[in-house]
Amino acid sequence: MIGSRLGVALRDSRVAVVAITGGKVAQSFVFEAQENPAAVLKAELESRKVKVRGARVGIARQWATVKTIELPPAVGGNLAQMVAFELERHLPFSAEDASFDFTPLTAPKGHPLRVLVVASERRTVERALRLIEEAGLRTLALNVGSHDLPALVSGLSRRERTAWLHAAGEDVDLLCLDGRDLVLSRSLSGIDDEALAAEVGKSLALLRWEHCHACWVSGSGSARLQSSPALAALLHCPVSLPPWSPPVRRAMTAIEESGENNAGLLTLALASALAPRRPTTSLLPEAQRPRPIHWSWLATAASLAATALLGIGVIFAQGIQDRRYLASVTQATRALNPEVKAVEALSVEVERKRRLLATLRTMEASGIRPLPILKEITELLPAVAWLTSLTVDSKGMELTGQ
């Protein structure tokens with residue numbers, strides 16, 4: 001499932017925008033780039049309730065220079081420096097004023113190393129970045145719009161060679177794909193079908209391709225190009241629509257409803273929205289490009305994850321062990337419960353008898369003993385005395401007699 005994405009395609013004085021939400025086209029529109037296109041873009045997004053943080057931008061093919069450069073086989077780690085050094089001879093403007101990127105191409109063993117270089121004037125790149133920034137967004141990717149088109153198809157074979165013609169208005173972008181790898185792109189404008197077929201033939205000859213396995217046509221006027229006899233006669237292969245992936249096929253239905261004139265430009269905006277996070281070539285400034293993930297970072301992250309899992313496992317194991325010990329202690333306590341109650345009952349009985357004994361002892365200590373008193377009185381009184389009554393208490397005694 002594809003999350004919320006925003007693709008912006010810039011071409012001449014028009015700006016095309018496609019918003020993807022949940023794998024479906026939520027909004028798509030085209031507007032003329034007036035004096036303040038950023039304000040128009042921001043207002044359109046707010047009125048359509050499109051909430052995204054960043055946008056992927058595709059510029060027109062004619063705004064960029066795309067060249068295949070051959071380098072010596074042994075360039076080692078100085079490949080970027082070699083490309084920058086060779087770039088001066090292939091650009092119509094100064095290399096110091098260029099934003100560029102490159103990707104190595106597959107070459108047979110022993111042949112010179114070939115790289116595909118994409119370059120554009122820095123002011124063109126800055127104008128695109130300023131448009132997105134002033135609209136309150138962040139530029140997530142910046143590439144030639146037609147170079148993102150392969151992200152819309154599925155089932156590309158590594159051994160198939162494909163010529164892709166994409167029309168946006170009067171301009172036609174030609175892509176030559178070796179499998180999924182882009183090896184050549186051109187911008188053709190203002191020519192008829194026969195001249196277009198001739199330019200395709202020149203491009204194939206430049207690549208030393210004897211034939212193509214397929215020719216795809218898309219964008220504005222794709223039906224006309226699909227039925228062009230000149231293309232079919234030149235390429236000797238079927239001319240058809242690209243094999244859109246299922247989500248893209250549903251998205252193309254919504255785009256085609258916008259009209260024939262806007263379909264080609266909106267398709268480029270859709271390709272920019274669905275392009276990979278790290279395209280093979282990027283015109284973003286070096287500081288804004290997403291950093292590649294090094295294998296050492298992955299190893300460190302895996303080690304940290306393993307350590308965290310082990311720590312969590314130890315904590316859970318200790319908790320389980322503590323619960324089991326607590327359960328065994330509870331069970332032993334319950335087994336001793338009857339004996340504990342018997343001891344408690346005996347202790348209560350002993351305490352009760354101890355209190356009773358203490359009471360008896362207290363009474364005995366504080367009581368009056370009559371027999372010893374009578375014995376002592378009998379010994380003290382003479383035999384002629386008669387004792388008629390005797391009263392004894394704790395305070396004294398009273399004798400009555402003759």
Side-chain angles (χ1 to χ4, degrees), residues 1-3 5 7-9 16 18 20 22-25 28 56-58 60-61 66 103 105-106 116 118 141 143-168 171-188 200 203-204 207 209 211-228 231-232 235 237-258 262-282:
M1 184 70 70
I2 300 172
R5 293 190 175 191
V8 179
V18 171
I20 304 292
K24 299 180 180 180
V25 176
S28 61
R56 293 169 170 83
V57 184
R61 170 59 184 83
V66 181
T103 180
L105 299 176
T106 304
L116 182 71
V118 180
N143 197 9
V144 176
S146 56
H147 289 188
D148 291 330
L149 286 173
L152 303 182
V153 298
S154 60
L156 281 176
S157 174
R158 294 182 178 180
R159 299 181 178 180
E160 290 187 356
R161 294 175 175 177
T162 306
W164 190 338
L165 294 170
H166 181 80
D171 301 326
V172 178
D173 292 348
L174 169 63
L175 304 181
C176 293
L177 304 176
D178 190 358
R180 297 194 70 91
D181 297 331
L182 175 67
V183 295
L184 178 68
S185 72
R186 295 182 61 191
S187 178
L188 309 173
V200 173
S203 301
L204 298 183
L207 294 174
W209 287 5
H211 65 282
C212 287
H213 295 88
C215 178
W216 298 338
V217 292
S218 60
S220 307
S222 57
R224 175 180 57 82
L225 293 176
Q226 188 174 355
S227 59
S228 172
L231 285 176
L235 300 176
C237 66
V239 180
S240 62
L241 295 176
W244 307 119
S245 61
V248 173
R249 194 177 298 115
R250 293 190 295 268
M252 291 301 297
T253 302
I255 288 177
E256 290 171 356
E257 294 176 354
S258 63
N262 297 330
L265 192 55
L266 286 174
T267 302
L268 295 177
L270 176 65
S272 297
L274 299 181
R277 180 176 178 271
R278 294 185 66 251
T280 54
T281 56
S282 174

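As a basis for the values below, the full set of heavy atoms in this structure was taken, side chains included, without hydrogen atoms, waters or symmetry mates. Fair warning: this is a prediction, and the values are worked out from it, not measured in the lab.
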Which residues pass the side-chain contact (heavy atoms from CB on, under 4.5 Å) test with L241, sequence neighbours left out? S222, Q226

Counting C-beta onward and ignoring hydrogens, is there a side-chain heavy-atom pair between V217 and R224 closer than 4.5 Å? no

Atom pair CG/CG of L182 and L175 - distance to nearest 0.5 Å: 6.0 Å

Is the closest side-chain heavy-atom distance between E160 and D178 below 4.5 Å? no

side-chain contact (heavy atoms from CB on, under 4.5 Å), paired with C212, selected from L177, V239, L204, T162: L204

With sequence neighbours excluded, what pairs up with A141 under the side-chain contact (heavy atoms from CB on, under 4.5 Å) test? R56

Set of salt bridge (charged side-chain N to carboxylate O under 4.0 Å, His left out) partners for R249, sequence neighbours left out: none

Mind listing the side-chain donor-acceptor pairs of residues 144-153 below 3.5 Å, one per line with the distance, residues two or more places apart or on another chain?
residue : atom : partner : partner atom : Å
S146    : OG   : D173    : OD2          : 3.4
H147    : NE2  : S185    : OG           : 2.8
D148    : OD1  : N143    : ND2          : 3.2

Indicate the atoms forming the closest heavy-atom contact of S220 with A168, along with that distance. OG-CA, 4.3 Å

Listed partners of A269 passing side-chain contact (heavy atoms from CB on, under 4.5 Å), at least two apart: A9, A16, V18

Just to verify, what does S218 make a side-chain contact (heavy atoms from CB on, under 4.5 Å) with, not counting sequence neighbours? W164, H166, P242, W244

Please check if the side chain of S272 supplies one atom and the backbone of L268 the other of a donor-acceptor pair under 3.5 Å. yes

Can you tell if the side chain of R161 reaches within under 4.5 Å of the side chain of C176, non-hydrogen atoms only? no

Could you check if a side-chain atom of L184 sits within less than 4.5 angstrom of a side-chain atom of W209, using non-hydrogen atoms only? no

